[in-house]
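Remarks on the structure that follows.
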Amino acid sequence: MRGEICGHENNLRHMTAPTPISELASRTGSPVVVKGWVRRIRSSGRIAFLVVRDGTGEVQCVFSRADLDDATWQTLTAAEHESTVAVTGEVCADKRSPIGVEVSANSLRVLSGSPEFPIQPKEHGIDFLLEHRHLWLRSPRQVALMRIRDETMRAIRDFLHEDGFTCVDTPILTGAIGESAGTLFETEYFDLGTAYLAQTGQLYVETAAAALGKVYCFGPTFRAEKSKTRRHLTEFWMVEPEVAWMDSDGNMDLQERMVCYVAARVLDRCQADLGTMGRDLDRLAAIVPPFNRMSYTDAVARLQEAGHEIEWGSDLGAGHEAALTEGRSKPLFVHDYPKRAKAFYMKENPDNPATVKCNDLLAPEGYGEIIGGSQREDDYDRLLARIREEGLPEESYGWYLDLRKYGTFPHSGFGLGLERTVAWLSGAQHLRETIAYPRMMTRITP
RNA sequence: UCCGGGGUAGCUCAGUGGCCAGAGCGGGUGGCUGUUAACCACUAGGUCGCGGGUUCGAAUCCCGCCCCCGGAGCCA
């Protein structure tokens with residue numbers, strides 16, 4: 001452990017502690033030990049190049065036959081793609097290096113071999129790559145995506161905490177409750193019958209809003225939908241803020257501020273990784289307030305003018321969303337959808353009872369819906385009526401109805417899909433690359 | 001579930017009725033070079049998804065099945 005500093009073994013470990021590759025540029029002329037994985041090797045009769053990465057960066061280590069003993073030279077032949085090595089040498093400035101320095105090596109230890117590493121520096125099919133996801137993660141593009149995802153999550157949490165939110169974790173194992181049955185994963189739960197994996201934390205986080213005012217949950221959610229598109233996973237992460245005394249307009253204000261904050265943070269802190277992804281940075285710089293807000297009714301009118309076949313009252317399809325966001329550089333709010341197209345808990349619009357106070361946020365460039373949000377129905381009788389209309393099991397919603405029975409209050413919230421947001425910000429074409437181990441209809445391993 | 005595309009070497013693919021099924025990459029051996037997905041030569045490597053049918057002859061044509069891909073629906 002960290003506290004144990006005495007003992008021969010720990011001293012040894014300390015002595016062989018490697019220098020992170022990210023620090024080499026500031027150590028020109030110094031002797032160093034670099035430990036990491038071999039990305040590439042080019043060896044020959046007189047000189048050899050070993051590109052080593054360690055998670056902080058990568059560096060080329062140069063081995064000159066004339067400067068090495070026979071044993072070290074022989075060892076080079078055992079260094080394979082993705083084997084682990086310890087290289088001892090001196091940091092030398094070199095204009096040809098992308099990081100300005102390379103290591104003039106005088107010794108090499110192969111710590112572990114890596115016979116025939118499956119992933120080559122070439123094109124592979126997606127099925128093969130997913131079958132080897134545990135190894136694919138080592139690729140530069142995947143590393144960049146994991147860092148962008150990490151920064152996106154940090155930015156979301158930082159924004160919410162700076163804004164006075166408290167994180168309240170909601171259960172993953174639940175009884176029969178959620179937006180709709182039929183798309184829930186089931187599992188046996190002792191003597192209590194069937195439990196379901198949560199497809200949202202919203203109903204629970206609503207109750208926490210009555211305790212803490214501004215709250216959010218952030219965790220994995222599960223949808224047993226038989227979706228096979230680039231925009232769907234069966235397990236994905238969602239952040240769900242919920243705010244007491246906030247109406248639908250305030251809800252959109254909050255979404256706008258959060259999305260802009262996150263985009264700015266990723267742009268600021270992930271430039272190199274966005275570069276690895278080939279992302280156009282101007283696209284992220286354009287994500288600033290305000291976002292356009294369009295009512296569902298206006299959206300349908302626009303679509304009809306553009307020749308789309310859509311009736312007022314039916315939900316927007318992928319083609320409609322693409323048409324509405326085409327040519328835009330910022331996300332677009334579409335609000336006040338027809339009641340019959342949306343979930344039971346959304347608050348009826350007093351100005352137009354056929355619609356509810358809700359909104360989607362559609363990302364540009366075809367990334368689609370990254371947020372769904374609404375003001376919640378806070379009237380006991382109306383909510384009960386909606387539960388009955390939808391044919392939901394009334395007895396399962398007792399505690400949810402209680403929230404309207406004991407000191408009800410207007411409140412709103414939304415769910416932002418992490419993977420869709422990361423895909424959009426990074427320019428990834430498919431959600432499956434934005435999470436380390438994507439869960440899809442046809443894949444549960446590795 | 002529906003629609004479309006696909007399944008040939010470890011990987012990416014070419015091969016649409018006719019000798020023993022090919023290339024590049026990767027592996028192995030040797031050579032060579034301040035190299036950048038290095039290069040050159042040699043070499044090993046195949047149940048052409050599975051089953052049946054047509055034919056003198058099937059990777060190739062027909063039927064059935066399985067699997068994968070991404071689009072729709074659904075949603076974040």
Side-chain angles (χ1 to χ4, degrees), chain A residues 39-51 58-65 77 80-82 92 94-99 102 104 114-132 135-136 139-140 178-180 182-184 198-202 218-240 255 259 314-322 337 341-343 359-363 366-373 414-424 429-432 434-435 440-443:
Chain A
R39 179 168 286 305
R40 258 187 281 290
I41 180 168
R42 296 179 285 273
S43 63
S44 74
R46 222 176 280 170
I47 191 166
F49 304 94
L50 210 60
V51 179
E58 64 179 56
V59 67
Q60 176 164 278
C61 303
V62 184
F63 295 79
S64 213
R65 180 67 185 94
T77 65
E80 301 154 302
H81 188 202
E82 289 299 322
C92 300
D94 194 301
K95 286 175 190 151
R96 290 165 291 194
S97 164
I99 59 169
E102 52 188 29
S104 180
S114 175
E116 296 194 47
F117 188 74
I119 298 178
Q120 303 172 24
K122 58 171 278 192
E123 292 276 324
H124 288 287
I126 188 62
D127 195 48
F128 178 83
L129 288 171
L130 286 173
E131 198 64 49
H132 296 84
L135 304 176
W136 186 24
S139 303
E179 293 180 24
S180 58
T183 58
L184 295 161
Q199 59 178 347
T200 173
Q202 181 205 313
F218 198 171
T221 52
F222 308 87
R223 305 269 167 100
E225 291 158 1
K226 295 191 173 178
S227 300
K228 293 193 290 184
T229 80
R230 69 183 71 187
R231 298 187 311 281
H232 292 86
L233 298 171
T234 54
E235 176 179 319
F236 65 96
W237 284 60
M238 185 158 64
V239 58
E240 295 178 273
Q255 293 165 40
V259 168
S314 61
D315 207 357
L316 268 34
H320 302 133
E321 292 183 356
Y337 282 70
K342 289 293 177 181
N359 74 272
D360 285 352
L361 182 65
L362 308 179
Y367 284 94
E369 187 181 342
I370 56 171
I371 285 179
F414 63 93
L416 175 139
L418 178 67
E419 288 78 12
R420 285 187 181 177
T421 303
V422 172
W424 168 46
Q429 291 304 301
H430 200 302
L431 255 49
R432 64 190 161 208
T434 64
I435 185 169
M440 293 169 296
M441 208 181 122
T442 59
R443 181 169 295 283

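Chain letters run A, B, ... following the sequence lines, proteins first, then strands; residues in each count from 1.
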Base, sugar-phosphate, or nothing for A:L233, non-hydrogen atoms under 4.0 angstrom? base
Check every strand shown and say whether A:H81 touches a base, only sugar-phosphate, or nothing at a heavy-atom separation below 4.0 Å. nothing
Considering every strand shown, what is the Watson-Crick or G-U wobble mate of B:rU1 when both distances are under 3.5 Å? B:rA72
What's A:A48 touching, base or sugar-phosphate or nothing? Going by heavy atoms closer than 4.0 Å. nothing
For B:rC11, does the base pair up with any side-chain atom of A:H124 as donor and acceptor (N or O, under 3.5 Å, distance only)? no
Value in whole Å for how far the C1' atom of B:rG24 lies from CD of A:Q120: 10 Å
Under 4.0 angstrom, heavy atoms only, what part of the nucleic acid is A:E102 near: base, sugar-phosphate, or nothing? base
Please work out if A:G368 contacts a base, only the sugar-phosphate, or nothing of the nucleic acid, heavy-atom cut-off 4.0 Å. nothing
With sugar-phosphate meaning primed atoms plus P, OP1 and OP2, does A:I47 contact a base, only sugar-phosphate, or nothing at under 4.0 Å between heavy atoms? base
Who is the Watson-Crick or G-U wobble partner of B:rG22, with both distances under 3.5 Å? B:rC13
Is there a stack between A:F49 and B:rG34, judged by ring centres under 5.5 Å and planes under 30°? no
Name the nucleic acid region contacted by A:L416, choosing base, sugar-phosphate or nothing; use a 4.0 angstrom heavy-atom cut-off, strictly under. nothing
